[in-house]
Amino acid sequence: MWTGVLTSLQFQLRKLGKMEISPRSAIAPCVVLLLSVSFLCRAAESPSYTVVHQESDFEVRLYRESTWMSAPARDISFAKATLNGFHRLFQFIQGANLNFSRIPMTFPVVTSIVPEAGPLHSSAYSVLFYLPPKFQADPPTPLPELNLKPHVWESHCVAIRKFSGFAKDENIIQEAEKLSSSLSRSPWANMTSSESSYAYSIAQYNSPFRVIGRVNEVWVDVDVDAPGSNGCKFNGVATY
């Protein structure tokens with residue numbers, strides 16, 4: 001089974017090598033294949049965090065400072081932006097960088113919604129790839145045509161809501177609203193960060209080929225200096 005999948009992937013990569021890199025290329029099927037194989041072969045690397053508050057329908061995590069590679073995308077939808085951004089990120093980790101470095105797949109892939117950064121005050125997106133520890137201090141330089149840049153996510157506190165199924169334009173807003181509602185009834189009410197560059201983010205952990213048991217998360221930054229937040233300090237729940 002995997003021989004056929006990998007042969008198809010190699011064929012598509014050879015085709016990509018003959019193409020001019022363009023965010024607008026009609027390559028969605030190929031990107032889905034790349035994303036699928038990447039998750040199936042994924043490493044266990046993911047950003048470290050500590051759970052500082054937990055309730056039945058959400059939790060608050062403290063993430064350590066980490067470096068990600070960011071792919072800005074001005075597509076009109078979450079789904080198209082994620083495909084566009086991940087296609088460029090996949091080329092980067094497969095060696096399309098000035099160091100010719102191959103970088104192991106990590107998870108989750110995060111798509112952040114940037115409010116009013118698109119045309120006519122519409123939303124834009126940023127697709128983020130967590131760099132493994134080996135590359136945290138000195139990330140490889142992406143090829144200029146990929147339009148990628150390192151993003152240092154400083155130590156920050158994030159409210160998280162998990163949801164299943166596929167993350168789509170039709171349901172991510174509903175899931176974000178559910179998280180907002182949960183926070184409004186909790187000690188973290190009115191603590192969403194006004195300094196964050198992102199309205200909220202969607203973290204995806206699974207291959208598109210996986211149908212059952214999918215895991216996604218809505219992330220929203222919370223203000224560690226807000227009254228009642230206790231500075232987002234560890235309260236003994238769990239560290240990952």
Exercise for the section: Specify the closest pair of heavy atoms between P47 and F107, including all atoms of both residues, with the distance to one decimal. Expected result: CD-O, 3.7 Å

Handout entry: F78 backbone acceptor or donor facing T82 side chain under 3.5 Å
Key = yes

Problem - From CG (N171) to CD (E177), nearest 0.5 Å - result: 11.5 Å

Exercise for the section: Give a yes or no answer on whether the side chain of N216 reaches the backbone of G165 with a donor-acceptor pair at less than 3.5 Å. Expected result: yes

Practice task
Flag yes if more than 12 heavy atoms outside L98 fall under 6.0 Å of its CG atom; otherwise flag no.
Solution key: yes

Completion exercise
Tightest non-hydrogen contact, residues Y125 and I113, listed as CE2-CG1, 3.7 Å

Problem - Pairing residues for E55 by the side-chain hydrogen bond (donor to acceptor under 3.5 Å, both in side chains) criterion, not counting sequence neighbours - result: H53

Exercise for the section: Would you confirm whether N97, through its side chain, and F92, through its main-chain N or O, come within 3.5 Å as a donor-acceptor pair? Expected result: yes

Problem - Polar side-chain atom of Q136 near backbone of L131 as donor-acceptor pair, under 3.5 Å - result: yes

Handout entry: Which atom of N84 lies closest to which atom of A73, heavy atoms considered
Key = ND2-CB, 4.4 Å

Handout entry: V218 side chain reached by S201 side chain, heavy atoms, under 4.5 Å
Key = no

Practice task
Would you give the length of the straight line joining atom CD of E154 to atom CG of D221, rounded to the nearest 0.5 angstrom?
Solution key: 11.0 Å

Practice task
Would you check if the side chain of T111 reaches a backbone N or O of I202 as a donor-acceptor pair within less than 3.5 Å?
Solution key: no

Practice task
List for me each residue that meets side-chain hydrogen bond (donor to acceptor under 3.5 Å, both in side chains) alongside T67, sequence neighbours excluded, and say none if there are none.
Solution key: none

Exercise for the section: Working to the nearest 0.5 Å, report the span between OG of S181 and CZ of R161. Expected result: 9.0 Å

Practice task
Applying side-chain hydrogen bond (donor to acceptor under 3.5 Å, both in side chains), name anything that partners Y63, two or more places apart in sequence or on another chain.
Solution key: R61

Exercise for the section: Is it possible for you to say whether V152 and F129 belong to one hydrophobic cluster, with membership spreading through side-chain heavy-atom contacts below 4.5 Å? Expected result: no

Exercise for the section: Indicate, with yes or no, if F135 and F100 share a hydrophobic cluster defined by side-chain heavy-atom contacts under 4.5 Å among Ile, Leu, Val, Met, Phe, Trp and Tyr. Expected result: no

Handout entry: pair M69-P139: side-chain heavy atoms closer than 4.5 Å
Key = yes

Exercise for the section: Kindly state each residue pair satisfying salt bridge (charged side-chain N to carboxylate O under 4.0 Å, His left out) with at least one member in residues 179-190, sequence neighbours excluded. Expected result: D57-R185

Fill in the blank from the handout: The side-chain hydrogen bond (donor to acceptor under 3.5 Å, both in side chains) partners of K162 (sequence neighbours excluded) come to E217

Practice task
Decide yes or no for Y200 and I173: does some side-chain heavy atom of the first lie under 4.5 Å from some side-chain heavy atom of the second?
Solution key: yes

Problem - Whether N99 side chain and S101 backbone form a donor-acceptor pair below 3.5 Å - result: no

Exercise for the section: Looking only at non-hydrogen atoms, find the nearest pair between A159 and L179 and report the distance. Expected result: O-CD2, 3.8 Å

Practice task
Assign the ring pair H156 / W153 to parallel, tilted or perpendicular, where the plane angle (0 to 90°) is split at 30° and 60°.
Solution key: parallel

Handout entry: Main-chain N/O of G95 paired to R102 side chain as donor or acceptor, under 3.5 Å
Key = no

Problem - Verdict with supporting geometry, Q54 and V51, side-chain contact (heavy atoms from CB on, under 4.5 Å) - result: CA-CA 7 Å; Q54 193 168 47; V51 177; 4.2 Å; yes

Completion exercise
For L146 and R88, the nearest pair of non-hydrogen atoms, with its separation, is O-NE, 2.9 Å

Problem - Nearest-0.5 Å distance that lies between atom CD in Q91 and atom CD in E145 - result: 8.5 Å

Exercise for the section: Kindly write out the residues that satisfy salt bridge (charged side-chain N to carboxylate O under 4.0 Å, His left out) with K134, not counting sequence neighbours, or none if the list is empty. Expected result: none

Practice task
Give the C-alpha distance, both sets of side-chain angles, the deciding distance and a yes or no for side-chain contact (heavy atoms from CB on, under 4.5 Å) between F58 and I160.
Solution key: CA-CA 6 Å; F58 78 95; I160 306 288; over 6 Å; no

Exercise for the section: Report yes if the side chains of S48 and R64 come closer than 4.5 Å at any heavy-atom pair, otherwise no. Expected result: yes

Exercise for the section: Output yes when a side-chain donor or acceptor of S186 lies under 3.5 Å from a complementary backbone atom of L183, and no otherwise. Expected result: yes

Practice task
Could you tell me whether R214 sits above the aromatic face of F166, with NZ or CZ closer than 6.0 angstrom to the six-membered ring centre and within 45 degrees of the axis?
Solution key: yes

Problem - N/O donor-acceptor pair under 3.5 Å between S182 side chain and K178 backbone - result: yes

Exercise for the section: Walk me through it: do R210 and Y205 pass the test side-chain contact (heavy atoms from CB on, under 4.5 Å)? Expected result: CA-CA 10 Å; R210 181 166 184 172; Y205 289 83; over 6 Å; no

Exercise for the section: Check step by step if side-chain contact (heavy atoms from CB on, under 4.5 Å) holds for V158 and V222. Expected result: CA-CA 6 Å; V158 184; V222 294; over 6 Å; no

Problem - Worked verdict on W68 versus S70 for side-chain hydrogen bond (donor to acceptor under 3.5 Å, both in side chains) - result: CA-CA 6 Å; W68 301 60; S70 171; over 6 Å; no

Handout entry: Where N206 and G213 come nearest, the two heavy atoms and their spacing
Key = OD1-O, 4.2 Å

Problem - Student check: side-chain heavy atoms of V215 and S164 closer than 4.5 Å - result: no

